[in-house]
Q: 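Right, I'll just put the structure down here and ask away after.
Bear in mind the structure is a predicted one, so any value in this text is a computation, not a measurement.
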Amino acid sequence: HMCSSIMFSTGCSIFQDWQSYVFFYHVLQSGQEGHVTRIVSGCDDSQKQVLDGIFATEVATMAPGRFHLHHTPDYSQIQEGLSYVYFNKPLGMRHWMENVLGYPNNHSDEKHDDDIVMLLDPDQILKRPFTKEFKLETEDWKKEPESLRVDHGSPFAQVYGFGLRWKTQIDLAYVFQNASTPISNMTKKELEDYYHAMGPPIIATAKDMYRIVKVWSDVVPRVHDQFPKLLAEMYAYNLAAAHLGLRHTLVKSFMLSSVMTYRIEAWEKIVDPLPTDRVCDNNLPKESYPHVLHFCQRYGVGKWFFNKNLLPKEFLSCNGPLLKEPPRNLIDLYSSAIYPAGGLIAIPLPMPRRKHEVYMLCNVLRDLNLALVHYKQQQHCASANYEYNLTFFDNMTWVDNTTLVTIST
């Protein structure tokens with residue numbers, strides 16, 4: 001039995017409430033073992049009370065003793081004169097490790113060092129459980145792995161699309177305050193092989209994760225100074241790991257997310273081989289899925305569309321409708337997409353991109369609905385709405401392509 005914890009970090013907002021509910025629900029469906037903690041940063045006392053109440057009745061009851069909520073201060077304002085919510089990711093994680101696991105002081109017995117800690121994002125749906133031991137054939141590796149086991153000195157992470165920009169766009173001397181860093185002497189090959197655009201899901205022993213989290217929390221404001229954009233905290237993670245020389249095994253199959261990243265995520269292994277009539281199947285064997293679906297992008301085929309930011313805030317409710325799910329043969333029906341608020345601009349969808357869009361749409365819409373149905377049943381809603389009619393266009397009728405302006409992508 002491994003003592004493991006999955007962590008994900010959120011602000012104190014209702015928007016992340018439906019995401020969190022979906023997250024916990026699918027942890028259960030996937031068969032994942034261990035504890036799961038939602039780290040919430042920045043609630044005031046009255047918000048805390050509301051959130052704790054919701055959590056106790058809606059989430060904790062799904063898996064008594066395994067699902068947790070951990071409150072931390074709001075770290076988004078640690079830089080004078082600016083707000084960056086993702087400072088909460090490293091600093092919230094450090095708060096949890098110090099206050100729940102007892103790092104670094106009450107830790108002389110090292111009782112948590114061998115625990116496995118997994119960092120995920122709230123908009124990731126768990127499809128296939130993580131263990132501390134991987135199989136060569138079930139994953140898609142960036143390069144031949146030197147180890148298949150999460151251990152001290154052997155963390156694992158998903159590869160993202162930002163390459164080595166975490167190093168090339170950042171002034172190391174500024175980040176590490178003129179202290180020398182081993183990163184300066186690393187060859188391009190070493191950087192490519194072990195520190196290439198890492199991000200969640202990230203898995204490490206608690207001992208390694210705490211070492212990373214300390215440096216990560218320390219450098220993240222200075223990284224943000226130079227790269228004041230989304231991804232600053234991910235750049236900072238890569239800098240911390242490389243600075244400590246903690247070589248990661250890089251995996252492409254921890255997640256599917258961005259339909260255009262053909263060689264970075266495991267599309268070629270997981271989705272491209274599927275026969276077109278099975279892309280929307282809901283009964284594929286568990287081992288044929290990525291570990292998570294990360295629904296952080298826009299997905300569209302015809303007028304079938306999904307963008308998490310456009311879901312009604314009260315998505316998780318008794319009265320709200322379920323999402324309308326696309327027909328199983330969606331892949332055959334349209335060769336382009338239009339987005340809400342995008343005017344009549346059609347985005348051409350050649351293969352394999354169309355296949356990827358269909359895969360994400362069918363799976364994400366279905367998985368959100370499964371969680372929502374569970375919610376309605378669990379809440380014993382007096383008059384639950386089970387209509388599958390929520391769409392992102394009021395009118396789903398597709399106008400023939402000839403009337404649309406097609407843009408080249």
Side-chain angles (χ1 to χ4, degrees), residues 5-13 15-16 19-20 23 35-45 47-48 51-52 55 68-107 112 115 117-124 155 157 160 166 170 174-177 179 181 198-244 246 248:
S5 282
I6 287 181
M7 327 298 307
F8 65 102
S9 164
T10 75
C12 192
S13 77
F15 172 58
Q16 286 183 308
Q19 291 191 136
S20 299
F23 187 100
H35 294 270
V36 186
T37 300
R38 173 185 176 186
I39 299 176
V40 188
S41 301
C43 290
D44 63 31
D45 287 346
Q47 291 170 316
K48 235 180 229 174
L51 214 53
D52 289 349
F55 189 85
H68 314 279
L69 192 61
H70 178 74
H71 288 283
T72 83
D74 179 12
Y75 297 109
S76 65
Q77 318 277 339
I78 54 171
Q79 282 294 71
E80 203 59 45
L82 72 88
S83 174
Y84 181 65
V85 292
Y86 298 112
F87 286 150
N88 285 318
K89 222 194 261 187
L91 287 132
M93 187 82 169
R94 186 173 77 182
H95 188 279
W96 177 80
M97 294 197 82
E98 291 176 352
N99 289 276
V100 175
L101 298 189
Y103 281 92
N105 303 337
N106 318 340
H107 202 70
H112 286 294
D115 288 8
V117 177
M118 305 174 235
L119 181 60
L120 274 69
D121 282 336
D123 53 1
Q124 294 182 331
Y160 278 71
W166 59 266
I170 298 295
Y174 178 74
V175 167
F176 293 104
Q177 298 179 301
T181 172
M198 307 177 284
I202 297 168
I203 309 182
T205 62
K207 179 184 179 179
D208 283 351
M209 189 63 92
Y210 186 63
R211 289 179 64 205
I212 291 172
V213 159
K214 273 196 308 192
V215 179
W216 186 14
S217 301
D218 175 48
V219 301
V220 73
R222 292 186 297 282
V223 173
H224 188 272
D225 284 345
Q226 297 180 61
F227 189 80
K229 302 190 184 89
L230 212 56
L231 296 184
E233 92 290 349
M234 285 173 70
Y235 280 23
Y237 179 91
N238 284 260
L239 285 156
H243 177 69
L244 293 165
L246 275 171
H248 284 54

Q: If every non-hydrogen atom of Ala232 is compared with every non-hydrogen atom of Phe227, which pair is closest and at what distance?
A: CB-O, 3.4 Å
Q: Search all heavy atoms of Leu231 against all heavy atoms of Tyr84 and return the closest pair with its distance.
A: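 Closest heavy-atom pair between Leu231 and Tyr84: N-OH, 3.6 Å.
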Q: Let me confirm one number: the CG-OG distance from Asp74 to Ser83, rounded to the nearest 0.5 Å.
A: 7.0 Å
Q: Any side-chain heavy atom of Phe23 within less than 4.5 Å of one from Ile6?
A: yes
Q: With heavy-atom distances below 4.5 Å as the criterion, would you say the side chains of Pro201 and Met118 are in contact?
A: no
Q: Which pair of heavy atoms, one from Ser217 and one from Pro90, lies closest together, and at what distance?
A: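 The answer is OG-O, 3.3 Å.
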Q: Main chain of Leu246, side chain of His248: is a donor-acceptor contact present, judged purely on distance under 3.5 Å?
A: yes
Q: Output the distance between atom CD (Glu233) and atom OG (Ser9), rounded to the nearest 0.5 Å.
A: 9.0 Å
Q: Is the shortest side-chain heavy-atom distance between His112 and Val117 below 4.5 Å?
A: no
Q: Do you know which two heavy atoms are closest between Val223 and Ala236, and how far apart they sit?
A: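 Looks like CG2-CB, 3.9 Å.
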Q: Quick one: does any side-chain atom of Tyr160 pair with a main-chain N or O of Met234 as donor and acceptor, under 3.5 Å?
A: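 Side chain of Tyr160 to backbone of Met234, a donor-acceptor pair under 3.5 Å: no, none is there.
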Q: With a 4.5 Å cut-off on side-chain heavy atoms, are Thr10 and Ser20 touching?
A: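 Answer yes - side chains close enough.
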Q: Side chains of Phe8 and Val36: closer than 4.5 Å at any heavy-atom pair?
A: yes
Q: Could you grab the distance from atom OG of Ser76 to atom NZ of Lys89, nearest 0.5 Å is fine?
A: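 Between Ser76 OG and Lys89 NZ, I get 14.5 Å after rounding to 0.5 Å.
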Q: For a quick test of reading the model, state the closest non-hydrogen atom pair linking Gly11 to Val40 and the distance between them.
A: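 Shortest heavy-atom contact: O-CG1, 3.6 Å.
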Q: Considering only heavy atoms from C-beta outward, does the side chain of Ile170 approach that of Arg222 to under 4.5 Å?
A: no
Q: With sequence neighbours excluded, tell me which residues meet side chain to side chain contact (heavy atoms under 4.5 Å, CB included) with Ala204.
A: Pro155, Asp208, Met209
Q: According to the interplanar angle, ranging from 0 to 90°, do the rings of Trp216 and Tyr237 count as parallel (below 30°), tilted (30 to 60°) or perpendicular (above 60°)?
A: perpendicular
Q: Show your working on side-chain contact (heavy atoms from CB on, under 4.5 Å) between Asn99 and His70 and close with a plain yes or no.
A: CA-CA 10 Å; Asn99 289 276; His70 178 74; 4.2 Å; yes
Q: Do the side chains of Arg94 and Tyr210 get nearer than 4.5 Å, heavy atoms only?
A: yes
Q: For the CZ atom of Arg38 and the NE2 atom of His71, what is their distance to the nearest 0.5 Å?
A: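 So the CZ of Arg38 and the NE2 of His71 are separated by 8.5 Å.
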Q: Which atoms form the tightest heavy-atom contact between Thr181 and His243, and what is the distance?
A: OG1-ND1, 2.8 Å
Q: Knowing that exactly one of Tyr75, Phe87, Tyr86, Tyr174 qualifies, which makes a ring-ring contact (aromatic ring centres under 6.0 Å, His included) with His224?
A: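 Result for ring-ring contact (aromatic ring centres under 6.0 Å, His included) with His224: Phe87.
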Q: State, with a plain yes or no, whether a side-chain heavy atom of Thr72 is found less than 4.5 Å away from one of Ile39.
A: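 Contact flag for Thr72/Ile39 side chains = yes.
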Q: How many angstroms lie between CG in Asp218 and CZ in Phe176, if you round to the nearest 0.5 Å?
A: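 The CG atom of Asp218 sits 8.5 Å away from the CZ atom of Phe176.
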Q: For the CD1 atom of Ile212 and the CG atom of Leu239, what is their distance to the nearest 0.5 Å?
A: 12.0 Å
